[in-house]
Amino acid sequence: MPALAVDAATPVAHAFAAASCDAAAAAARFPAPLMPLPAAAAADNKPEWSADLSAALYNVDGWGAPYFFVNADGDVAVRPHGAATLPGQEIDLAKVVDKAAGPRAGGGLGLPLPLLVRFPDVLRHRVETLNAAFDYAVRSTGYGAHYQGVYPVKCNQDRYVVEDIVEFGEPFRFGLEAGSKPELLLAMSCLAARGNPDALLVCNGYKDDAYVSLALMARTMGLNTVVVLEQEEELDIVIDASRRLGVRPVVGMRAKLRTKHAGHFGSTSGEKGKFGLNAAQILSVVTKLKAVGMLDCLQLLHFHIGSQIPTTALLSDGVGEAAQIYCELARLGAGMRVIDVGGGLGIDYDGTHSAQTDMSVAYSLEEYAVAVVAAVGRVCDRKGVQHPIVCSESGRALVSHHSVLVFEAFSATAPGQLDAATAYLLDELTDDCRADYRNVMAAAVRGDYDTCGLYADQLKRRSAEQFKEGILGLEHLAAVDAFCEIVARGMGAPEPPRTYHINLSVFTSLPDMWAIGQQFPIIPIQRLQERPAVDGVLSDLTCDSDGKVCEFIGGRHSLPLHELPTHATHGYYLGMFLGGAYQEALGGLHNLFGGPSVVRVTQSDGPHCFAVTRAAAGPSCADVLRAMQHEPEVMFEVLKQRTDDATAASIARVFGAMPYLVFDPEAAVMSSGESSGMSSDSEGSAAGAAEEDDEDWEFMRGLTV
């Protein structure tokens, strides 16, 4: 027990007064050390806030350059052409959200949130910048061959993303990489329709006869297909399929290097990596190919050090080792032409430009390209081997920047409040609890904050125990909690982060955050000219305690946020950036929350500098139910038999809407489909209401059929 205990019977001035609740009266009765600084006075002591200060606070220039910045209005804006973007071409992200989510009657598209905003202009710039970096590396080092990259479609298999990359990469002979049969099918179709004839189609992943046969069929269609061996046993499948189909293959192999980098993303590299052939297996493949007269078919060497390679020193080491293997294969008589350095070109998620964590890399795109080209050239020159075509599979670096996920914070927990009426519940506590309470007050008057904190903790523990025993009521427990929170704040203890509830599923839209602790930049997309005075964490809609975001870039355990708008329960928008790779394909259907609505936005010469070229609502409740083998039509038929027509119409609307929360009572109902498909915002008119009912009944009739 702390010293200087005060007996429960000793009179101590009450901290609260029933007769007067104004600030002056509270100050007179509550010990000065525990009084928080009034909001107005606190504001007077702080410098004026600005959009530039918000940009620095969130390190937007660190992770966002050259695409994202905070404009003079305090909104996040996009430079779709990177540093070459002209002032009149910048796109205000908040205006994009207004257009996409605004009511159709007001010129919006009526799309429900969450919303994924794609910027194909950014994607074009990434493709062009990657190829320009390698072109510079080739010219500056005197390299004797060229660069010819591929996009690994596993990073984002969205149709329009893949088609854009092939179209934008056509002048550079840019190709695709597939790791499964469906990925190979989409790659074949896309390259056949719009790709460069010389573009590579690299076939990675484990293979069976159907996969290999499909890859060989692609060669008969004029596609530049390479079958990469992940296992030694796959060679027999390739030889058999080649003979059966009468197609001579182009074969590559994946080498298992000794070079390895630490961290999560290095787990697939090194001698114990999941993929690739070791030295003995490589020699065995060469021997088998030579025996069947197909050694000239071996033309590509592939390897992968790991994603997010942290430094060019490690990169040069791994590329140098692989180049040695390449030269040895050439010496053994293989028809080597291409060295595929795999992925690994990293993204600076936290903007630190460092090699200390998996969230950043300590090099630029240009430095990466020079390191690769120089390492290959150096080894080949030493061995007297002709320089090979350099290929990379830089998917993360291509697509991460091109999309932004926008979601809404719809409520937040409030700090503890103790009004005069509730405060008198403290006088109804048991004697031992009242003694703790009075000891807290006495210690506060003395300025003995250590003792004050000890008694406050003891009061909280004792009250909880007595509540469990039925001695205290719920009102008493709440009063003690609020009192102890006020004491902690008065002693200068940092206020715990407030929880902001977001209209999103972490498992669906941010799966890497949950699964591997990946951190993406998350910031408000507007009001950045205002000081974000609240530290918050994010809690999603799912019924799962892991559905939260409480780790943020920069080592933060909370995110600076603004108070939510007081005039409504919605309208505070956050953006998750650099999430264009992997998140869409990896997302699940936990609690049957589906994906977001999607818009494609291009730079234009209009008044807002952008045009929405494609818009689609996210999966409806009916869609996600079908994904789990349910039959919404049958479900609706069963429910319809148990209710009246009006209720059935309401149920039909729920089937057709997205699973996420809707706060606007006039929000149009979105059915699944390519376009918005929403009813017009009726503004309360009878005609609009009738039209909405017609659409609801039309959907219901569709379910009945």
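In this chain, numbering begins with 1 at the start of the sequence shown.
With hydrogens and angles ignored, the 3.5 Å screen pairs a side-chain donor or acceptor of Asn591 with a backbone N or O of Cys543. Between the side chain of Asp540 and the backbone N or O of Lys548, no donor-acceptor pair lies under 3.5 Å. A donor-acceptor distance shorter than 3.5 angstrom exists from the side chain of Thr508 to the backbone of Phe593, with no hydrogens or angles considered. Using modelled atom types, one side-chain atom of His562 and one backbone atom of Glu530 make a donor-acceptor pair closer than 3.5 Å. Judged by distance alone, the side chain of Arg126 and the main-chain N or O of His402 form no donor-acceptor pair under 3.5 Å. Without hydrogens or angle criteria, Tyr58 side chain to Pro560 main chain gives a donor-acceptor distance under 3.5 Å. A donor-acceptor pair is defined here as one N or O able to donate and one able to accept, closer than 3.5 Å; such a pair exists between the side chain of Gln583 and the backbone of Asp512. Listed for the Ser189 side chain is no donor-acceptor partner under 3.5 Å among the backbone atoms of Leu186. Although no hydrogens or angles enter the test, the distance criterion places no donor-acceptor pair under 3.5 Å between the side chain of Trp49 and the main chain of Gln529. Proximity of a side-chain donor or acceptor of Thr85 to a complementary backbone N or O of His81 within less than 3.5 Å is detected.
Inter-residue side-chain proximity for Glu408 and Tyr572 is flagged as unmet; no heavy-atom pair is nearer than 4.5 Å. The shortest distance between side-chain heavy atoms of Gln308 and Ile347 falls below 4.5 Å. Contact check for Trp514 versus Val549: no side-chain heavy atoms found under the 4.5 Å cut-off. With contacts defined as side-chain heavy-atom distances shorter than 4.5 Å, the pair Leu93/Phe119 qualifies. With contacts defined as side-chain heavy-atom distances shorter than 4.5 Å, the pair Leu538/Cys550 does not qualify. Proximity of Leu405 to Leu510: side-chain heavy atoms (C-beta onward) are separated by under 4.5 Å at one or more points. Under the 4.5 Å side-chain criterion, counting only non-hydrogen atoms from C-beta, Ser620 is not in contact with Met658. In this structure, Pro120 and Thr602 have side chains that are in contact, with non-hydrogen atoms separated by less than 4.5 Å.
Between Phe407 and Tyr573, the distance from one ring center to the other does not fall under 6.0 angstrom. Ring centroid separation for the pair Tyr349 and Trp63 does not come in under the 6.0 Å cut-off. Proximity of the aromatic rings of Phe467 and His476 is defined here by a centroid distance below 6.0 angstrom, and this criterion is not met.
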Requested in this report: I would like to know whether Tyr160 and Arg614 meet side chain to side chain donor-acceptor pair (under 3.5 Å); could you show each step before the answer?
Outcome: CA-CA 10 Å; Tyr160 301 104; Arg614 183 171 296 276; 3.1 Å; yes

Query raised in the report: Hey, mind stepping through Tyr582 and Gln518 against side chain to side chain contact (heavy atoms under 4.5 Å, CB included) and telling me if it holds?
Result: CA-CA 12 Å; Tyr582 296 109; Gln518 175 70 42; over 6 Å; no

Query raised in the report: Where do His125 and Tyr67 land on the ring pair (Phe, Tyr, Trp, His ring centres under 6.0 Å) test, with the steps shown first?
Result: CA-CA 10 Å; His125 188 265; Tyr67 303 108; 5.4 Å; yes

Query raised in the report: ring pair (Phe, Tyr, Trp, His ring centres under 6.0 Å) between Phe577 and Phe520: does it pass, once the steps are laid out?
Result: CA-CA 6 Å; Phe577 298 81; Phe520 299 98; over 10 Å; no

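Under 3.5 Å, the side chains of Glu584 and Asn156 contain a donor-acceptor pair of N or O atoms. Using modelled atom types, one finds a donor on one side chain and an acceptor on the other under 3.5 Å when comparing His590 with Asp544. Between the side chains of Gln603 and Asp121, no donor-acceptor pair of N or O atoms lies under 3.5 Å. Side-chain polar atoms of His501 and Ser411 form a donor-acceptor pair below 3.5 angstrom. At a cut-off of 3.5 Å, with distance as the only test, a side-chain donor of Gln157 or Glu183 sits close to an acceptor on the other residue.
For the pairing with Ile523, the side chain to side chain contact (heavy atoms under 4.5 Å, CB included) check across Ile553, Leu57, Val76, Asn59 returns one residue only, Val76. Of the residues listed (Val612, Val406, Val97), the one engaging Val599 in a side chain to side chain contact (heavy atoms under 4.5 Å, CB included) is Val612, and it is the only one.
The CG atom of Leu574 sits 8.0 Å away from atom CD1 of Ile525, with the distance rounded to the nearest 0.5 Å. Here the CZ atom belonging to Phe68 is positioned 10.0 Å from the CD1 atom belonging to Ile91, to the nearest 0.5 angstrom. Of the inter-residue distances, the one linking Leu528 atom CG with Asp73 atom CG reads 11.0 Å to the nearest 0.5 angstrom. Rounding to the nearest 0.5 angstrom, the gap separating the SG atom in Cys484 from the CZ atom in Arg489 is 12.0 Å.
A salt bridge links Lys181 and Asp208; the closest N-O separation between the charged side-chain nitrogens and carboxylate oxygens is under 4.0 Å. By the 4.0 Å N-to-carboxylate-O rule, Arg527 lies too far from Glu563 to be salt-bridged with it. Between Arg194 and Glu163 there is a salt bridge, with a side-chain nitrogen of the basic residue lying less than 4.0 Å from a carboxylate oxygen of the acidic one. Comment: Glu393 does not engage Lys154 in a salt bridge, judged by the lack of any side-chain N to carboxylate O separation of less than 4.0 angstrom. A salt bridge is absent between Asp164 and Arg118; no separation between the charged side-chain nitrogens and carboxylate oxygens falls under 4.0 Å. Look at Asp623 and Arg626 and you find a salt bridge, because one of the NZ, NE, NH1 or NH2 atoms lies within 4.0 Å of a carboxylate O, short of that distance.
The nearest pair of heavy atoms linking Ser597 to Pro112 is OG-O, 2.8 Å. Nearest heavy atom pair, residue Gly594 against residue Leu589, reads CA-CD2, 3.7 Å. In plain terms, the two heavy atoms of Val624 and Pro659 that are nearest each other are CG2-CG, 4.3 Å. Nearest heavy atoms, Met188 versus Leu214: SD-CG, 3.7 Å. Ala178 approaches Val153 most closely through the heavy-atom pair CA-CG2, 4.4 Å. Across every non-hydrogen atom of Ser403 and Gly580, the tightest pair is OG-CA, 3.3 Å.
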